[in-house]
Amino acid sequence: MELEYHPELRDFTLRRPQLKLLEDVPLPDRVADNWEMVKNFQAKPDDLLIATYPKSGTTWTQGIVDLMNQNGDVKMCKRAPVYERIPFLEFFQEMLPSGIELIVKMASPRVIKTHFPIQLVPKYFWEQDTIVVARNAKDTLVSYFHFHRMNHRLPEPGYWPEFFQTFLHGQVSWGSWYDHVKGWWEEKDKHRILFLFYEDIKENPRREILKVAEFMENVLEEDVIEKIVHLSSFKVMKDNPMANYGTLPMGIMDQNISRFMRKGEVGDWKNHFTVSQNEDFDEHYERQMGHSSLKFRNVL
Ligand code: A3P
């Protein structure tokens, strides 16, 4: 695809990062190295945070929230790529503005994305509205594997069996899926947190969109709800370059290797896990999640 959005990046290839520990959480080195900037960043009282483990439906939720803020106006939602409309708090990369640079230029109410586990989210955000979206671990793992293959902002994944183990042991960017989801879950009743599940949005997008609207204190006309349901569906978002990261060059995300909007399904893990991987996974999962009140559907 001819790159119109960032022509200066046409021939640019990003070096893949190393992982660095920040309070025991592995992060791409650029993120860990710039942590002080995130820590010192001042939120505004009407900022809304979307907090997810990677590959859990972040972009989907960003699409829904932005459509809601624009009252279902599709043109407004195509005003810029999703990473500019709802910047990524801990985004630091050569050649592109940082998330914080984009956020400070935005008019309120601002919506901000983060993948940080709750303990790394600066404390002033804890008192503000946050939408958390979580996805079952097996599909998240599969999606994260394919995302590593095509995305130079993450380390090389190695082969599938290798990545499978790396993920299980939390040695991937943004750390352990288990710690991430449990951390947010345990705090959800102490703060203004709406906790959503990818599988629920997939099952009944309208119902979950209405939960978001209620949380954001938005009263939506029926035709706007219908527009949001339609425009945030996988089949529409996958063809929208302002949602599907098609505005980035191959040297950052190579969508010939794997699409950003890859499958958008529940249960794709069944096409990847071997029987023995599934047994190992279930055993490990039970040890990590058995005592938690956080229950996912479609995992076993
Ligand atoms: P798959 O790789 O399983 O297809 P994130 O935005 O957190 O990075 O998550 C990306 C995952 O969400 C990808 O999963 C992507 O296809 C899926 N996704 C994005 N938009 C979606 C939508 N509108 N409906 C369903 N899934 C969506």
Side-chain angles (χ1 to χ4, degrees), residues 16 19 24-28 52-61 115 117 132-186 195-205 208 233-235 237-238 244 253-300:
R16 285 187 181 253
L19 291 188
D24 291 333
V25 178
L27 293 170
T52 56
Y53 189 82
K55 312 321 289 173
S56 302
T58 327
T59 314
W60 193 4
T61 311
H115 286 322
V132 175
V133 188
R135 184 181 195 184
N136 79 76
K138 291 179 181 176
D139 284 334
T140 304
L141 159 53
V142 167
S143 182
Y144 213 7
F145 172 64
H146 290 294
F147 194 48
H148 274 74
R149 292 171 55 231
M150 58 82 90
N151 181 9
H152 283 235
R153 290 177 36 231
L154 295 170
E156 288 282 356
Y159 292 111
W160 162 249
E162 202 182 318
F163 188 79
F164 181 90
Q165 292 298 333
T166 317
F167 179 92
L168 225 61
H169 296 102
Q171 297 305 313
V172 288
S173 301
W174 286 277
S176 150
W177 176 91
Y178 302 98
D179 293 348
H180 199 286
V181 295
K182 284 191 289 187
W184 281 102
W185 179 254
E186 280 155 20
F195 202 105
L196 301 176
F197 293 91
Y198 181 100
E199 295 74 21
D200 289 349
I201 316 178
K202 196 78 200 168
E203 179 185 75
N204 189 337
E208 302 304 305
S233 66
F234 185 75
K235 67 177 187 325
M237 283 185 73
K238 84 176 177 14
N244 68 15
M253 283 190 190
D254 188 345
Q255 304 222 23
N256 292 324
I257 295 178
S258 178
R259 314 297 294 174
F260 182 90
M261 298 284 174
R262 196 182 57 90
K263 282 198 176 170
E265 287 170 8
V266 175
D268 186 39
W269 64 268
K270 291 177 188 158
N271 300 316
H272 290 74
F273 282 41
T274 64
V275 171
S276 106
Q277 279 173 337
N278 197 33
E279 284 167 7
D280 290 351
F281 194 99
D282 287 348
E283 195 189 306
H284 188 263
Y285 190 89
E286 182 56 27
R287 270 187 272 128
Q288 299 280 334
M289 299 296 286
H291 297 293
S292 173
S293 60
L294 174 56
K295 303 290 175 206
F296 284 81
R297 294 186 293 143
N298 312 93
V299 185
L300 301 177

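In this text the structure is predicted, and so the values were computed from the model without any measurement.
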Participant: When you measure from the side chain of T61 to the backbone N and O of G57, does any donor-acceptor pair fall under 3.5 Å?
Facilitator: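 Here the side-chain-to-backbone pair exists.
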Participant: Dump the intermediate steps for side chain to side chain contact (heavy atoms under 4.5 Å, CB included) on W269 and T140, then the final yes or no.
Facilitator: CA-CA 9 Å; W269 64 268; T140 304; over 6 Å; no
Participant: Search all heavy atoms of N151 against all heavy atoms of M253 and return the closest pair with its distance.
Facilitator: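 That closest heavy-atom pairing would be OD1-CG, 3.9 Å.
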Participant: Do D282 and R287 sit within salt-bridge range, that is, some charged N less than 4.0 Å from a carboxylate O?
Facilitator: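 Salt bridge: no.
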Participant: When you measure from the side chain of Q165 to the backbone N and O of F163, does any donor-acceptor pair fall under 3.5 Å?
Facilitator: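 Side chain of Q165 to backbone of F163, a donor-acceptor pair under 3.5 Å: no, none is there.
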Participant: Holding to ring-ring contact (aromatic ring centres under 6.0 Å, His included), I want the full list of residues that pass it with Y198, two or more places apart in sequence or in another chain.
Facilitator: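 Applying ring-ring contact (aromatic ring centres under 6.0 Å, His included) to Y198 gives W60.
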Participant: Taking C-beta and beyond as the side chain, do Y285 and L168 meet within less than 4.5 Å on heavy atoms?
Facilitator: no
Participant: Tell me whether N204 at atom CG has more than 12 heavy atoms from other residues, nucleotides or ligands lying less than 6.0 Å away.
Facilitator: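 Result for CG/N204: enclosed.
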Participant: Do side-chain atoms of N244 reach the backbone of K238 as a donor and acceptor pair under 3.5 angstrom?
Facilitator: yes
Participant: Tell me the closest heavy-atom pair linking P161 and Q277, and the distance in Å.
Facilitator: CA-NE2, 3.9 Å
Participant: Does H146 offer a backbone N or O that forms a donor-acceptor pair with the side chain of K55 under 3.5 Å?
Facilitator: no
Participant: Who passes ring-ring contact (aromatic ring centres under 6.0 Å, His included) against H152, sequence neighbours left out?
Facilitator: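 Residues passing ring-ring contact (aromatic ring centres under 6.0 Å, His included) with H152: none at all.
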Participant: Would you give the length of the straight line joining atom CG of N136 to atom NZ of K295, rounded to the nearest 0.5 angstrom?
Facilitator: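 Rounded to the nearest 0.5 Å, the CG-NZ separation comes to 14.5 Å.
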Participant: Which pair of non-hydrogen atoms, one from L19 and one from P26, has the smallest distance, and what is that distance?
Facilitator: CD1-CB, 4.0 Å
Participant: Could you tell me which residues satisfy ring-ring contact (aromatic ring centres under 6.0 Å, His included) with F147, sequence neighbours excluded, listed by chain and number?
Facilitator: F260
Participant: In the structure I gave you, are the side-chain heavy atoms of D139 and V266 within less than 4.5 Å of one another anywhere?
Facilitator: yes
Participant: Looking at every non-hydrogen atom in both residues, tell me the closest pair between R149 and S258 and how far apart they are.
Facilitator: NH1-CB, 4.0 Å
Participant: Show your reasoning for whether side chain to side chain contact (heavy atoms under 4.5 Å, CB included) applies to W160 and L141.
Facilitator: CA-CA 10 Å; W160 162 249; L141 159 53; 3.9 Å; yes
Participant: Sequence neighbours excluded, which residues qualify as salt bridge (Lys or Arg N to Asp or Glu O under 4.0 Å) partners of R262?
Facilitator: D268
Participant: With side chains defined as the heavy atoms from C-beta onward, is the minimum distance between Y159 and F164 less than 4.5 Å?
Facilitator: no
Participant: Return yes if a side-chain donor-acceptor contact under 3.5 Å exists between K138 and N278, otherwise no.
Facilitator: yes
Participant: For R135 and S56, work out which heavy atoms get closest and say how close.
Facilitator: CB-CA, 3.7 Å
Participant: Less than 6.0 Å separating the ring centroids of Y53 and H115?
Facilitator: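 Not close enough - the centres of the two rings lie 6.0 Å or further apart.
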Participant: Between F195 and L294, is a side chain to side chain contact (heavy atoms under 4.5 Å, CB included) present by the stated rule, with each step listed?
Facilitator: CA-CA 11 Å; F195 202 105; L294 174 56; 4.2 Å; yes
Participant: Got P117 and V25 here, is their nearest side-chain heavy-atom distance under 4.5 Å?
Facilitator: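 The answer is yes, as the side chains (C-beta and beyond) meet within the 4.5 Å cut-off.
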Participant: Flag the pair F145 / F167 as yes when their ring centroid distance falls below 6.0 Å, and as no otherwise.
Facilitator: no
Participant: By the side chain to side chain donor-acceptor pair (under 3.5 Å) test, which pairs, at least two apart or in different chains, include something from residues 176-185?
Facilitator: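 Only Y178-H284, W185-S293 qualify under side chain to side chain donor-acceptor pair (under 3.5 Å).
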Participant: Could you measure the distance from the CD1 atom of I201 to the OG atom of S233? Nearest 0.5 Å is fine.
Facilitator: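 OG of S233 is found 13.0 Å from CD1 of I201.
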Participant: Could you tell me which non-hydrogen atom of R16 sits nearest to which non-hydrogen atom of E156, and how far apart they are?
Facilitator: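 It is NE-OE2, 3.4 Å.
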Participant: Does any part of the side chain of W174, heavy atoms only, come nearer than 4.5 Å to the side chain of L154, both counted from C-beta?
Facilitator: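 They are in contact (side-chain heavy atoms under 4.5 Å apart), so the answer is yes.
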Participant: With sequence neighbours left out, what residues match D200 under side-chain contact (heavy atoms from CB on, under 4.5 Å)?
Facilitator: F197, R207, E208, R297
